**Q** 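Right, I'll just put the structure down here and ask away after.
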Number of protein chains: 2
Amino acid sequence: MNIGDVSRLSGLPAKTIRYYEDIGLVEPLRSSNGYRAFRESDLHKLAFLGRARSLGFTIDDCRNLLKLYEDRDRASADVRQIALGHLDRIDEKLAELAAMRETLSHLVEACAGDHRPDCPILADLAAEEGERPVEKHRTARNAH
Amino acid sequence: MNIGDVSRLSGLPAKTIRYYEDIGLVEPLRSSNGYRAFRESDLHKLAFLGRARSLGFTIDDCRNLLKLYEDRDRASADVRQIALGHLDRIDEKLAELAAMRETLSHLVEACAGDHRPDCPILADLAAEEGERPVEKHRTARNAH
DNA sequence: AGTAATGGTTCCACCCACTGGAAGGTCAAG
DNA sequence: CTTGACCTTCCAGTGGGTGGAACCATTACT
């Protein structure tokens with residue numbers, strides 16, 4: 001299989017597949033003309049990667065998951081651990097976004113959105129600390 | 001004010017402030033010794049930027065918000081437009097993350113997490129299209 | 001006067017996970 | 001024999017910073 005075939009079958013852009021080879025996630029063979037020659041197992045790996053990435057696992061997670069995927073004797077607890085860690089990250093992100101949404105939607109509601117120059121959104125962004133109504137997620141600013 | 005002062009007062013790292021100067025968000029003066037000399041107005045801008053960024057506005061959004069912030073005659077509708085656009089992005093992100101969370105938490109629940117090598121998480125990631133239970137967010141994979 | 005601590009400066013490289021594009025080689029069809 | 005689809009490599013850029021090296025300025029303490 002050439003890269004175009006695995007791209008269609010896996011749903012990953014060819015560029016991404018080359019990149020995955022670059023960083024050592026797949027190691028396709030080479031044909032005599034220099035083209036990458038993908039085996040069935042490479043396709044499986046790439047499809048696996050596509051699904052894991054679409055679930056938001058980092059490349060590093062994927063590397064570990066792939067190792068476990070290829071290890072016949074792995075313990076399911078290891079995989080569960082990675083998934084649980086990822087679930088925590090998702091929950092953090094969700095909470096952060098929900099807090100942003102809260103604040104921002106309040107501001108948008110308060111804004112007339114007409115031709116007058118008064119705008120509570122800008123007023124809030126410009127306000128000194130302590131002048132704003134309580135906003136829980138402000139603490140998230142330095143939590144990067 | 002030197003960069004350390006505005007850093008402390010705005011809560012932004014000095015590196016970030018230099019970066020913001022680089023990309024033209026602030027234009028501090030210079031002292032005779034080459035140090036950046038920040039005015040009160042620069043500090044206000046930086047604090048404004050910090051708050052807008054903490055709400056998840058992109059740098060480009062910030063650039064526009066700053067322009068409006070400095071324009072005495074702007075219409076509040078313009079600001080509202082930017083905020084509404086951002087709110088949409090937040091909602092999309094939220095939906096995507098919630099769908100991921102759903103799928104992943106189902107998988108984690110189904111996984112025994114013991115010493116046996118059977119793992120429904122890996123099984124799902126490896127499954128062919130159509131072999132998996134319905135998962136709404138799969139469509140989000142190409143929606144980047 | 002020396003020196004150490006604590007600022008400040010520039011510049012260059014790196015992070016993640018790709019993506020775009022240029023310049024060129026290969027292959028099947030008409 | 002050319003057209004067009006496909007493949008190759010390599011270099012650069014994205015966003016939003018962050019880390020570090022190498023060096024200058026200021027202040028405080030001996």
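We use all heavy atoms of the structure for the numbers below, so side chains are in, but hydrogens, waters and symmetry mates are not. Bear in mind the structure is a predicted one, so any value in this text is a computation, not a measurement. Residue numbers begin at 1 in each chain, while the letters A, B, ... track the order of the sequences.
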**Q** Given atom CG of A:L55 and atom P of C:dA17, what is their separation to the nearest angstrom?
**A** 15 Å
**Q** Just how far, in rounded Å, is C1' of C:dG20 from CD1 of A:I17?
**A**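 My rounded result for the distance is 17 Å.
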**Q** Quick check on D:dT8: is either OP1 or OP2 less than 4.0 Å from any side-chain nitrogen or oxygen of A:R36?
**A** yes
**Q** Expressed in angstrom and rounded to an integer, what is the separation of A:R18 atom CZ from D:dC11 atom C1'?
**A** 14 Å
**Q** Quick check on D:dG17: is either OP1 or OP2 less than 4.0 Å from any side-chain nitrogen or oxygen of B:Y20?
**A**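 Yes.
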**Q** Looking at every heavy atom in both B:S10 and B:I17, which two are closest together, and how far apart are they?
**A**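 So the minimum-distance heavy-atom pair works out to OG-CD1, 4.2 Å.
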**Q** Ignoring the backbone of A:P13, work out which of C:dT19, C:dA17, D:dC7 is nearest its side chain.
**A** C:dT19
**Q** Do the side chains of A:D78 and A:K67 get close enough for a salt bridge, i.e. N-O under 4.0 angstrom?
**A**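 Result for this pair is no, no salt bridge flagged.
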**Q** Would you say a side-chain N or O of B:R53 is under 4.0 Å from OP1 or OP2 of D:dG17?
**A** yes
**Q** Looking across every strand, which nucleic acid part, if any, lies under 4.0 Å from A:N2 by heavy atom: base, sugar-phosphate, or nothing?
**A**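 Sugar-phosphate: the residue A:N2, judged by heavy atoms under 4.0 Å, touches backbone atoms but no base.
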**Q** Taking only the side-chain nitrogens and oxygens of B:T58, find out if one of them lies under 4.0 Å from OP1 or OP2 of D:dG16.
**A**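 No.
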**Q** Can you identify which nucleotide, out of D:dT18, D:dA25, C:dT26, has its nearest atom closest to the B:T16 side chain?
**A** D:dT18
**Q** Before you tell me yes or no, could you show the steps for B:K93 and B:D88 under salt bridge (charged side-chain N to carboxylate O under 4.0 Å, His left out), namely the whole-Å CA-CA distance, both residues' side-chain angles and the distance that decides it to 0.1 Å?
**A** CA-CA 9 Å; B:K93 265 271 173 208; B:D88 276 354; over 6 Å; no
**Q** Round to the nearest Å and state the distance from B:L49 atom CG to D:dG16 atom C1'.
**A** 13 Å
**Q** State which of D:dG16, C:dC18, D:dA25 makes the closest approach to the side chain of A:I59.
**A** C:dC18
**Q** Fit a plane to each ring of B:F48 and B:Y69, take the angle between them on a 0 to 90° scale, and name the class: parallel (under 30°), tilted (30 to 60°) or perpendicular (over 60°).
**A** parallel
**Q** Does a donor on one side chain and an acceptor on the other come within less than 3.5 Å for A:E102 and A:H106?
**A**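 Yes.
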**Q** Which whole-number value in Å describes the distance from A:L29 CG to D:dT8 P?
**A**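 For the pair A:L29 CG and D:dT8 P, the rounded distance is 13 Å.
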**Q** Does B:Y19 get its side chain close enough to the base of D:dG15, under 3.5 Å, for a donor-acceptor pair?
**A** no
**Q** Let me know the distance between CG of B:D22 and P of C:dT9, rounded to the nearest Å.
**A** 12 Å
**Q** Any side-chain N or O of B:N33 less than 4.0 Å from the OP1 or OP2 oxygen of D:dC24?
**A**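 For B:N33, the contact criterion (side-chain N or O under 4.0 Å from OP1 or OP2 of D:dC24) is not met.
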**Q** Given atom CG of B:L46 and atom C1' of D:dG17, what is their separation to the nearest angstrom?
**A**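 These atoms are roughly 15 Å apart.
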**Q** Round to a whole Å and report the spacing from CZ of A:F57 to C1' of C:dC16.
**A** 17 Å
**Q** Ignoring hydrogens and angles, are the base of D:dG16 and the side chain of B:K15 linked by a donor-acceptor pair under 3.5 Å?
**A**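 No pair found.
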**Q** Consider the side chain of A:R30, meaning its heavy atoms from C-beta on, and name the nucleotide among C:dT10, C:dT19, D:dT9 that approaches it most closely.
**A**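 Closest nucleotide to the A:R30 side chain: D:dT9.
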